[in-house]
Amino acid sequence: MIKQIKNVTVYAPECLGTMDVLIAGGKICQIGKDLELGQNVGVEIIDGTGKCLVPGFIDSHEHIMGGGGEGGFATRTPEATLTDLTTFGITTVVGCIGTDGIGRDMTALLAKAKGLEEEGISTFVYTGSYQVPVHTLTDSLMKDIMMLDKVIGVGEIAISDHRSSQPTFEEFIRIAADSRVGGMLSGKAGILNIHLGDSPRCIDLIERTVEETEIPKSQFLPTHINRNAMLFERCLAYAKDGGFVDFTGNEDIDYWETICDEVRVCTGIKRMLDEGVSSDQFTISSDGQGSLPIFNEKQEFVGIGIGKGSCLLKEVRECVKKAEIPLEIAIKAITSNPARILKLKGKGRIEEGYDADLCLLNAEDLIIDTVIAKGKVMVKEGKPIVFGTFEKPKAD
Ligand code: ZN
């Protein structure tokens, strides 16, 4: 069925003003003022009055088949269901494994990604886990990237962390080189999604790679950059010098900000913009379904939380409401920026010919009203109407 979203303020992400947006065949067909369709054409009208239309969100780092396990087997986190994503506006997700690359592997990750795609959203994955050598699906990471459609890069490789495989410089640059060439040969980003831990070595390995080899900064998307103040300052300098950086959203930031020195996303993005970093260079991801192990000062495990996809829009809302960053800038961090950095074709923008992945937000409070993935309405009036295979609609 053709859909027409009428009279809505469009953020493409740049603000286009009040428009009508026509959707058919899963694509955005036309954007214009007061579009009139001919008679005898079946059209579903969605009233956009008092709402903003933004691209569907892209979560560039989510543990879709669960992660964790750092406190023993009972602490392995559950898989993401379809509505764990769509309810919060996520229409494209990049899945990753995490610390446990033994109990979970690439075959299972790819199967999970295919399942979510069949249920209606767009999915991609990174090959590998924290570990080095990288555990791949085929016999090489270059082959994984070249020959498996959903594999867009390698990650999350852990560095500067007590849970890392502690890759040597030579091991690290070989991974970067193979990922780059695998990406080039298949028209993909071949990005390295690098998990940053909280040690003082921060991004040493990435900086040394860029200085001593021909591999450019654009090959890396380091994540968790706001884990602590020291790491954030290093990553701010790295971004000022042209690097891409990924903030991790956090629903419980009030706790983490005081106990763990974590940098609030809106504060970090404001700093970056004030210091001249381009608004094209940063992304926000959720680390959804990942475990949030809580350690005491002696690095002893004392408790566990779980990441949620809901933090993406929450962080954008804080950018707008708390840090007074315009919506058209803040929203880039979860739409056009990850799409461009990860080379996700047809994603992250409201533009004719692009996939009809869209979120309709209440203009006043930036709360989700409607979520559309590949032309299909998944969430209506804030509630999911399409469910994963084994999900049951929740009674009001
Ligand atoms: Zn991580």
Side-chain angles (χ1 to χ4, degrees), residues 58-71 75-80 93-106 109 112 124-132 134-135 152-167 172 175 179 191-199 201-206 220-228 230-232 234-235 244-253 256 260-263 265 268 282-295 299 301 304-309 311-312 315 338 341-342:
I58 298 169
D59 191 351
S60 65
H61 185 109
E62 166 122 11
H63 300 273
I64 54 174
M65 68 164 168
E70 295 169 2
T75 65
R76 287 157 57 88
T77 60
E79 292 190 359
V93 68
V94 187
C96 57
I97 291 182
T99 320
D100 177 9
I102 302 296
R104 304 183 195 273
D105 66 12
M106 282 307 296
L109 181 65
K112 176 64 187 176
F124 300 92
V125 299
Y126 301 112
T127 189
S129 59
Y130 272 23
Q131 288 157 337
V132 174
V134 178
H135 295 195
I152 57 165
V154 57
E156 57 173 322
I157 305 289
I159 65 169
S160 307
D161 194 302
H162 63 101
R163 296 161 291 180
S164 161
S165 285
Q166 312 300 343
F172 191 73
I175 293 166
S179 190
I191 206 92
L192 281 90
N193 192 241
I194 303 295
H195 161 105
L196 301 173
D198 57 8
S199 100
R201 291 193 292 164
C202 298
I203 50 172
D204 287 354
L205 270 175
I206 299 174
F220 297 94
L221 184 59
T223 185
H224 317 320
I225 64 151
N226 49 321
R227 176 187 290 282
N228 62 47
M230 170 188 63
L231 179 61
F232 174 75
R234 286 284 301 276
C235 291
F244 299 134
V245 289
D246 183 47
F247 289 86
T248 300
N250 193 329
E251 277 289 354
D252 302 315
I253 186 64
W256 289 85
C260 303
D261 195 26
E262 189 164 322
V263 177
V265 171
F282 47 80
T283 59
I284 308 170
S285 64
S286 74
D287 209 7
Q289 304 304 121
S291 68
L292 298 171
I294 302 167
F295 299 99
Q299 285 292 308
F301 175 83
I304 198 160
I306 188 164
K308 290 196 183 77
C311 66
L312 292 188
E315 300 296 7
I341 292 166
L342 303 177

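For ligands, and for the atoms within them, numbers begin at 1 and follow the listed sequence.
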Using the ring-ring contact (aromatic ring centres under 6.0 Å, His included) criterion, which residues pair with His61? Sequence neighbours excluded. His63, His224

Would you kindly say whether Thr283 and Asp246 are connected by a side-chain donor-acceptor distance under 3.5 Å? yes

Residues in ring-ring contact (aromatic ring centres under 6.0 Å, His included) with Tyr130, at least two apart? His195

Applying side-chain hydrogen bond (donor to acceptor under 3.5 Å, both in side chains), can you list everything that pairs with Asp100, at least two apart in sequence or on another chain? Arg76

I'd like to know if Glu79 and Lys112 make a salt bridge, using a cut-off of under 4.0 Å between side-chain N and carboxylate O. yes

Every N, O or S from the protein that is nearer than 2.8 Å to the Zn ion (ligand 1): Glu156 OE1, His195 ND1, His224 NE2

Please determine whether a side-chain nitrogen of the Lys or Arg among Arg227 and Asp261 lies less than 4.0 Å from a carboxylate oxygen of the Asp or Glu. no

